[in-house]
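Below is one structure, written out as structure tokens, with a few remarks after it.
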Amino acid sequence: MEKVLPDLNTLIRLKEQGLTDDQIGARYGGVTGQAVNKALTLGGYYRQAVSRQVINEAIPWTVKRTEAAGSHHNSYLGKSVMAYLRVALGDDTAKDSHRLAAKRLQARLLRDSKVIDYDPQSKDGFVLVDREDRDGDLIFRWPADKELPEEKVLRAITLSAE
């Protein structure tokens with residue numbers, strides 16, 4: 001028996017009736033809940049989250065990450081960087097607090113003519129340094145030995161005065 005999902009409108013109607021992805025899949029020849037989820041995500045029903053992998057591609061350094069205290073991702077500037085990247089990469093699941101943090105970081109980088117650098121030996125890791133000509137419009141002081149990322153990520157790390 002062939003496993004075929006109904007059209008997007010039918011899937012959405014079933015979701016709005018309270019069925020889980022697995023329950024919907026079971027109605028259509030044992031289609032997996034994962035397949036239903038994928039169809040709904042591609043159809044725009046589920047909001048898109050930016051994965052940690054994509055965020056890590058946007059950061060030119062290997063950032064200290066621990067479960068305990070001392071993770072550079074948990075410093076004030078580290079959290080602001082993560083929020084900025086989520087918003088800039090189009091994460092629909094970013095909270096209002098993330099959007100505000102991103103806006104504040106962008107304003108500070110523009111106002112104070114700063115870029116973000118990274119010092120793995122420092123307490124907080126991320127630091128703001130004076131912008132230099134070599135930084136262009138990037139939010140990061142890009143390491144000379146690293147290639148710039150692909151187009152979407154490059155746009156996200158390029159500062160605009162919008």
Side-chain angles (χ1 to χ4, degrees), residues 8-9 11-13 15-16 18 20-21 33-162:
L8 180 62
N9 290 332
L11 290 175
I12 291 171
R13 190 171 54 254
K15 282 302 290 183
E16 290 176 351
T20 67
D21 295 345
Q34 184 178 7
V36 172
N37 184 285
K38 183 176 182 177
L40 287 165
T41 299
L42 292 173
Y45 180 77
Y46 288 128
R47 300 182 317 176
Q48 290 285 332
V50 174
S51 72
R52 182 179 284 180
Q53 178 184 353
V54 171
I55 289 174
N56 287 341
E57 288 173 17
I59 299 172
W61 313 283
T62 301
V63 177
K64 179 181 172 185
R65 181 188 298 271
T66 65
E67 296 300 319
S71 173
H72 291 160
H73 286 276
N74 291 328
S75 69
Y76 177 79
L77 186 53
K79 287 180 180 181
S80 295
V81 167
M82 299 307 142
Y84 179 93
L85 290 172
R86 285 184 66 187
V87 171
L89 288 164
D91 189 337
D92 292 340
T93 66
K95 299 176 185 175
D96 287 342
S97 60
H98 295 130
R99 295 183 192 291
L100 181 59
K103 188 175 182 178
R104 285 181 176 161
L105 179 59
Q106 178 179 9
R108 185 171 183 195
L109 293 173
L110 287 167
R111 180 191 67 230
D112 299 341
S113 193
K114 299 286 187 182
V115 293
I116 302 159
D117 204 353
Y118 183 72
D119 177 2
Q121 304 306 317
S122 72
K123 177 181 170 269
D124 293 327
F126 292 98
V127 293
L128 293 177
V129 296
D130 291 332
R131 182 172 296 280
E132 298 176 0
D133 288 341
R134 67 183 172 128
D135 299 318
D137 291 331
L138 298 179
I139 65 167
F140 296 123
R141 164 98 10 106
W142 203 262
D145 62 338
K146 287 267 188 166
E147 265 190 59
L148 286 170
E150 297 296 322
E151 189 175 327
K152 180 181 179 181
V153 175
L154 182 58
R155 278 194 313 271
I157 64 170
T158 300
L159 195 60
S160 65
E162 297 174 357

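Along the sequence shown, residues are numbered consecutively beginning with 1. These numbers were taken from a predicted model, which means no experiment stands behind them.
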| Derivation of the side-chain contact (heavy atoms from CB on, under 4.5 Å) call for V129 and K114 | CA-CA 5 Å; V129 296; K114 299 286 187 182; 5.9 Å; no
| Can you tell me how far CG of L100 sits from NE2 of H98, rounded to the nearest 0.5 angstrom? | 11.0 Å
| task | Quickly, which of I157, L105, I59 forms a side chain to side chain contact (heavy atoms under 4.5 Å, CB included) with I116? Name it, please. | result | L105
| said: Using the rule given for side-chain contact (heavy atoms from CB on, under 4.5 Å), can you reason through L159 versus R131, listing the C-alpha separation, both sets of side-chain angles and the distance that settles it, and then say yes or no? | reply: CA-CA 12 Å; L159 195 60; R131 182 172 296 280; 3.5 Å; yes
| When rounded to the nearest 0.5 angstrom, what distance separates CZ in R155 from NZ in K152? | 8.0 Å
| request: Check M82 against I55 and note the closest heavy-atom contact, atom names and distance. | output: SD-CG2, 3.7 Å
| message | To the nearest 0.5 Å, what is the distance between CG on D130 and CG on D112? | response | 9.0 Å
| query | For L85 and A58, which heavy atoms make the closest approach, and how far apart are they? | reply | CD2-CB, 3.9 Å
| task | Mark yes or no for whether D91, through its side chain, and T93, through its backbone, hold a donor-acceptor pair below 3.5 Å. | result | yes
| request: Decide yes or no for V54 and L89: does some side-chain heavy atom of the first lie under 4.5 Å from some side-chain heavy atom of the second? | output: yes
| field | D21 and K15 ion-paired at < 4.0 Å | value | yes
| field | Rounded distance (nearest 0.5 Å) linking atom CG of L148 with atom CG of L154 | value | 5.5 Å
| said: Within the 4.5 Å heavy-atom criterion, are V115 and I139 side-chain neighbours or not? | reply: no
| request: Supply the atom-to-atom distance S80 OG to K103 NZ, rounded to the nearest 0.5 angstrom. | output: 15.0 Å
| message | A side-chain contact here means heavy atoms from C-beta on lying under 4.5 Å apart; do K64 and Y118 qualify? | response | yes
| task | With rounding to the nearest 0.5 Å, note down the distance linking CG in L8 to CG in L42. | result | 9.5 Å
| task | Would you mind reporting whether L109 and L128 have side-chain heavy atoms less than 4.5 Å apart? | result | yes
| task | Can you see which heavy atom on A94 is nearest to which on V87, and at what distance? | result | CB-CG2, 4.1 Å
| field | Residue pair F126 / S75, side-chain heavy-atom distance below 4.5 Å | value | yes
| Heavy-atom pair with the smallest gap, counting every atom of P60 and F140 | CD-CD1, 3.8 Å
| field | Polar side-chain atom of H72 near backbone of D119 as donor-acceptor pair, under 3.5 Å | value | no
| query | Pairs in or reaching into residues 137-150: which pass side chain to side chain donor-acceptor pair (under 3.5 Å), with residues at least two apart or in two chains? | reply | D135-R141
